[in-house]
Amino acid sequence: MKQEVCRVAISGATYAFDKLYDYDIPPELAGAVVPGVRVLIPFGRGDRTREAIVVRMGCDPRAQYERKCILEVLDAEPVLDEHALSLAAHLCSTLFCTFYDCARAMLPAGLWFRKTERYELTKSTTEAMRQELAATYPVLQNFSKRKRAIAVKKLTELCGGALPEQQIHALVQQHILQQTSTFDRRMNDKTVTMHRLGMPYDDAMAMAERGRSSVRMDIVSVLAQEGRMSRTDLKYMTGASDSTIRAMVKNGMLAQWEEQTFRLPEQPELSERKEFVLSQAQQTVYNRMEPLLLSGHPEAALLFGVTGSGKTQVYMRLIDRTLQAGKSAIVLVPEIGLTPQLICKFMAQFGSCTAVLHSALSVGERYDSWKRIRSGEARVIVGTRSAVFAPAQNLGLIILDEEQDDAYKSENSPRYHARDVAKYRAMQENAFVLLGSATPAIETFYGAETGKYPVLHLRERYSGAALPRVTIADMRGTIQQGYISAIGPVLRQAMQRCFAEGHQCILFLNRRGAAKQVTCPSCGWTPACPSCSVSMTYHSVNHRLMCHYCGKSIPVRRTCPNCGSTHLKWEGTGTQRLETELQQMFPERKILRMDADTTSTKGSHAKLLEAFAEDQADILLGTQMVTKGLDFDRVTLVGIVDADQSLFAQDYRARERTFSLLTQVVGRAGRRQTQGQAIIQTYHPQDEVILDAARQDYERFYEAEIERRRMLQCPPIAQLVVLTAVGERERDVLAALVAVKQRMESLMAGAFSDFCYPILGPAPATVVRVQNRYRYHLTIRCPDNKRRRALLDGILREAGASRNFRGVTMYADVNPMQI
DNA sequence: AGCACGCCGACT
DNA sequence: GTCGGCGTGCTC
């Protein structure tokens, strides 16, 4: 009988040596080795055991090397089916990532195994030999013939904290000891480490004072106040490090235990399916989509519906039809935490055949969902970005809600866009991709315009509510009029009127966090993070300065360390400061603030929204978070405090993001009978983006923007590949990029003369230094084709293998969201 | 990455 | 003489 062979992708490979390796299949494993199962194989000179995935049967026919043998098969059934394997291969070649990067994105974490390395005496070692050798190698005292293998961790402990590596190495060489590895399933529930004081307050404080440790004293007083706190929060509040807390647990000052993390409430009552009636407009677009869904070919469409036009009902009807046709559907949402209302609707409608995939689930829960999906039991899958990989059986429909959202692009390897993956899957599995948005991504609309897929419009709000009346409030000159406030006179009056009518309002701050910077007016000093090239911002909750990139925090200073001035200035309109200001402006009104600070604990987001919906506050104040999928009957006024903030970022998508944001926020006003009002405060009332957003005129915005993209040669007109280098030594990082640029240019002059495009850079990344690592990049503006893949593949493999680039890692990102 | 092999300095 | 430094090249 012919010797069986297969080709595998190995775990833990870098891009430089990530390729298929051929292995023999021992006869006893013959039936068990099929494409998609994970196996253990010996790899490298040292034949260390590694995990691998069988990608296909057979081998490289021209192979002249000797093959090794598969050791073990880990799965009874493939974890990746044929579609998934070919999708992974496609992602590797287009996104320049390793096969295992893809596998990690596609499979639930609960499936991964933890490798435990153990040592044991070899069979041929006698007790006499062991005793004799123990004189020279004391580590042998821990072993006996009867005892099973000892895990490295245990052995380290037995040897007093340090593993005697030389001894072990020598003993392995002499075939006295051998290493074995086992892979244990880890399915631990997601838990959070909690702390409280481990002794009475006075004793703990005395201990901390004796050690003259201010951090410990802080920890003790914070815990005395709060009683109990998670380790994450404790670190946030006090700036303590893990090691400090661990030491305090060890000496008894703190107690520690594990607690289950919050989970989304399991299915809200499996109520009877609500029959809903589609409006005329909804029915019209549904009628156009149904044939696409049932065509049996790959299809796509853009559902372009203004905010409040009832896209969700159309989705529901489509999913219903998909299920009737015996197929399954995947619904992607940008961020599950922000759309609890949507999830509940789906759960209520499709009940037990729904599976939700998101990060708040425990590892075990996610694994269970994955199994339910793979078995075909769950046929409606609602989830975030990575749910696009869900092993849906007989896939018929993929919906991307709010398809323009940046959250659909992965920030780390594999750097995929869920929209592209959805299209690829649709292509393979003859499914229908529906992109839904009120402000489609420029590239999506471009695709529709160039005839790749149809656009279906929902131009009116469901139930005929009018779009809000939008006012642009010119903020120029308000300071001269005596208003130093962030709330200008126009918005202020509108708010007063709104409250007088007994309504609620939403105020939107156009920035990421509660940014509040500290500066010294006399010398210009500003606190900078010691490990990142950004300044630190003030957080009132813990009264500390924080770095938003690495999370480091330091206590607030009263004096400038540079010049000694005691008049430090607190700058910027963070949500926190605005809250204070609003409270003074409207003392009798209740304000809910929603930002990274107030929603740091899981579930607090939903609680805040609930409180607002139940009328417990008059003003909802927040950042990006208030823009998503909220639907409140009594909100008639929306104020955008600082519309300009995101307008002038230097990257090419800044205008698009601003337009989308403003349009979404404006759409939050008046979703029922009453016509709402939106007020956009700006210092640039003439800017086209502001004007177009105020008019809610997407097409006009699109025309201007696509023209800009054409001028700038940016996506979707041209494509960008950004090569980033990261390393601790700045000049090494730059040198590596200069070398790579030269190499590419010489290739483009020679073997790749048919693929010659300008290379820009090296340029510093937006934040040059993060956690003491410098990042620079090259930008190549070139089309996506075989030649590009070949060129970049070669470059990245060379760079990864080269010794000259030690300490510098390099990766490519295709059409990144931010440059 | 992680490991073995190989070729030069300061030790028993 | 040898133990061990880390530069180099390979991984089916």
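What you see is a predicted model, and the numbers here were worked out from it, not measured in a lab. What's counted below: heavy atoms across the whole structure, side chains too, no hydrogens, waters or symmetry copies. Per chain, numbering begins at 1; letters A, B, ... match sequence-line order.
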Distance, rounded to the nearest Å, where [X] contributes [atom1] and [N] contributes [atom2]:
X: A:Lys68; N: C:dC10; atom1: NZ; atom2: C1'; answer: 10 Å
X: A:Tyr21; N: C:dC12; atom1: OH; atom2: P; answer: 7 Å
X: A:Glu51; N: C:dC12; atom1: CD; atom2: P; answer: 17 Å
X: A:Arg806; N: C:dT8; atom1: CZ; atom2: C1'; answer: 11 Å
X: A:Gln64; N: C:dC12; atom1: CD; atom2: P; answer: 14 Å
X: A:Asp47; N: C:dC12; atom1: CG; atom2: C1'; answer: 11 Å
X: A:Ile10; N: C:dT11; atom1: CD1; atom2: P; answer: 11 Å
X: A:Asp60; N: C:dT11; atom1: CG; atom2: P; answer: 13 Å

Requested in this report: Indicate the ring-plane relationship of A:Tyr416 and A:Phe389, choosing parallel, tilted or perpendicular according to the 30° and 60° boundaries.
Outcome: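 Because their plane-to-plane angle is over 60°, the rings of A:Tyr416 and A:Phe389 count as perpendicular.
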Considering only nitrogen or oxygen atoms on both sides, find all protein atoms under 3.5 Å from nucleotides 1-5 of chain B and state each distance.
residue: B:dC3; atom: OP1; partner: A:Arg48; partner atom: NE; Å: 3.0
residue: B:dC3; atom: OP1; partner: A:Arg48; partner atom: NH1; Å: 2.7

Requested in this report: Give one of base, sugar-phosphate or nothing for A:Tyr65, where a contact means two heavy atoms less than 4.0 Å apart.
Outcome: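 Base contact.
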Requested in this report: Would you please name every residue forming a salt bridge (charged side-chain N to carboxylate O under 4.0 Å, His left out) with A:Glu127, sequence neighbours left out?
Outcome: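 In terms of salt bridge (charged side-chain N to carboxylate O under 4.0 Å, His left out), with neighbours along the sequence ignored, A:Glu127 is linked to A:Arg130.
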